[in-house]
Q: 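Dumping the structure here so I can ask a few things about it.
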Amino acid sequence: MSRVLDGVAIAAEIKAEVAAEVSQLAAQGIRPGLAAVLVGNVAASEIYVRSKVKTCADLGLYSEMITPPETVTTEEMLTLVADLNAREDIDGILIQLPLPGHVDTKRLLDAVSPEKDVDGFHPVNAGRLQAGRLSGKSSALVPCTPAGVIEILKRSGIAIAGQHAVVVGRSDIVGKPAAMLLLHQNATVTICHSKTQDLPSITRQADILVAAIGRAGFITPEMVKPGATVIDVGINRITDRAEFEKFFAGDEKRAESFSKRGSTLVGDVHPQAFAVAGAYTPVPGGVGPLTIAMLMANTVRAARMRRGL
Ligand code: GUN
C-alpha cells in the first residue's frame, strides 16, 4: 500500500504555528497584514482569494481584498501597487493571477516591493532563492506552492539529501523554484519539460517525482519508479464523463461525487500511478492546502523582516 501524504493535516500544523507567531507579534503591537488584489470576475480566482482572506482572519492576520474591475489599466494597477508598497499596515501584497490580457503582468509584479512580495514572484526574490539566501536578513520570500512541497517532504520524514528529484514542469511559479529548493536541500535535481526527450526514462529514475505540468493525469504508472515519492502539484477540473472514466473507472466514491457535482479534480498524475509510488500527495488534499498555509507563513515572515526582527 502506498502512503498518502496528508496535505490538509500538514497545512493545519503550519497554520497553528503561524497563529502562535501572530499572537506573539500581537503582544509587541504588531499585526501582519495582507492585501489581496483580485481583478475582474474569474470564478476560480475569486474562490482562491476569498479562501486566502478567510485564512488570514482565522489566524489573526489583518487582510483586505481589493477588487479592481476587469477594465482596470496597467497604469491604474501600478498606482494601486505603489499605494500598497507605501502602506505601513500592509506587509504582504498578493496579485492574483492570471490578470486580464491587456494588463502588463510582468511590469506589475516587478513593481511590488520585494519586501512585501509574499508570492515570491519578484526577480529579486527569485535571485535570492537561486543564491540560496533562504534565512536571515534580506532573504528570499519563496513562492508558496514550491515552499509547500518542501514542507510536505520534510514534515513527512522523507529524505531529500542525496536523492534524485525529478521536476516535470519549468514554470516560474512552481517548477523552477521547486527545483531550486530541492537543490538547496542537497537533492540531485533534474528539470524536465515539454521538449524533454524520452521523458519516462528520466521520471523512472526519480526517488522524488514532482509533477507540475498542468495536464490531467499526464504521469502514467510506467513513468514512476516503484516506491518513489510522488508529489502532484496539478489541479485539473474534469467535467467530461468519458474523461472521468479514463481516470477513475471503478472508483465508486469518486463516481458518486462526480454525479452529484458534475465535476471532479484530478492532478497531473494518473490515479493509477499512485499505486506504484511509495508515498504520494492526493488531489485534492495534497499540495493545494499548503499553498495558503505558506502564504500565511510568508506574510508573517515579511512582517518580521520589514521590522528587522
Ligand atoms: N494563480 C495561481 N496560483 C497563484 C499563486 O500562487 N499566486 C497568485 N498570486 N496567483 C496565482
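When a ligand or atom number is given, it counts from 1 through the structure's own listing order.
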Q: Is Asp119 near ligand 1, meaning one of its heavy atoms is under 4.0 Å from it?
A: yes
Q: Looking only at side-chain N and O atoms, does Ser263 offer a donor or acceptor that is under 3.5 Å from a partner on Thr239?
A: no
Q: Kindly state if atom 10 (N) of ligand 1 has a protein heavy atom within a strict 4.0 Å cut-off, that is, under 4.0 Å?
A: yes
Q: Around atom 3 (N) of ligand 1, find the nearest protein heavy atom and jot down its residue, atom name and distance.
A: Gln96 NE2, 4.6 Å
Q: Check if Phe121 has a non-hydrogen atom at a distance under 4.0 Å from any atom of ligand 1.
A: yes
Q: If you draw a 6.0 Å radius around CG in Asn41, do more than 12 non-hydrogen atoms from other residues or ligands fall strictly inside?
A: no
Q: Answer yes or no: is there a donor N or O on one side and an acceptor on the other, between the side chain of Asp268 and the main chain of Asp232, under 3.5 Å?
A: no
Q: Counting both backbone and side chain atoms, is some N or O of Leu97 under 3.5 Å from an N or O of ligand 1?
A: yes
Q: Hydrophobic clustering (ILVMFWY, side-chain heavy atoms < 4.5 Å, transitive) - are Ile66 and Val53 grouped together?
A: no
Q: I need the atoms of ligand 1 closer than 4.0 Å to a non-hydrogen atom of Ile95, numbered in the order shown.
A: 8 (C), 9 (N)
Q: Which heavy atom in Met296 sits nearest to a heavy atom in Lys52, and how many Å separate them?
A: CE-O, 3.5 Å
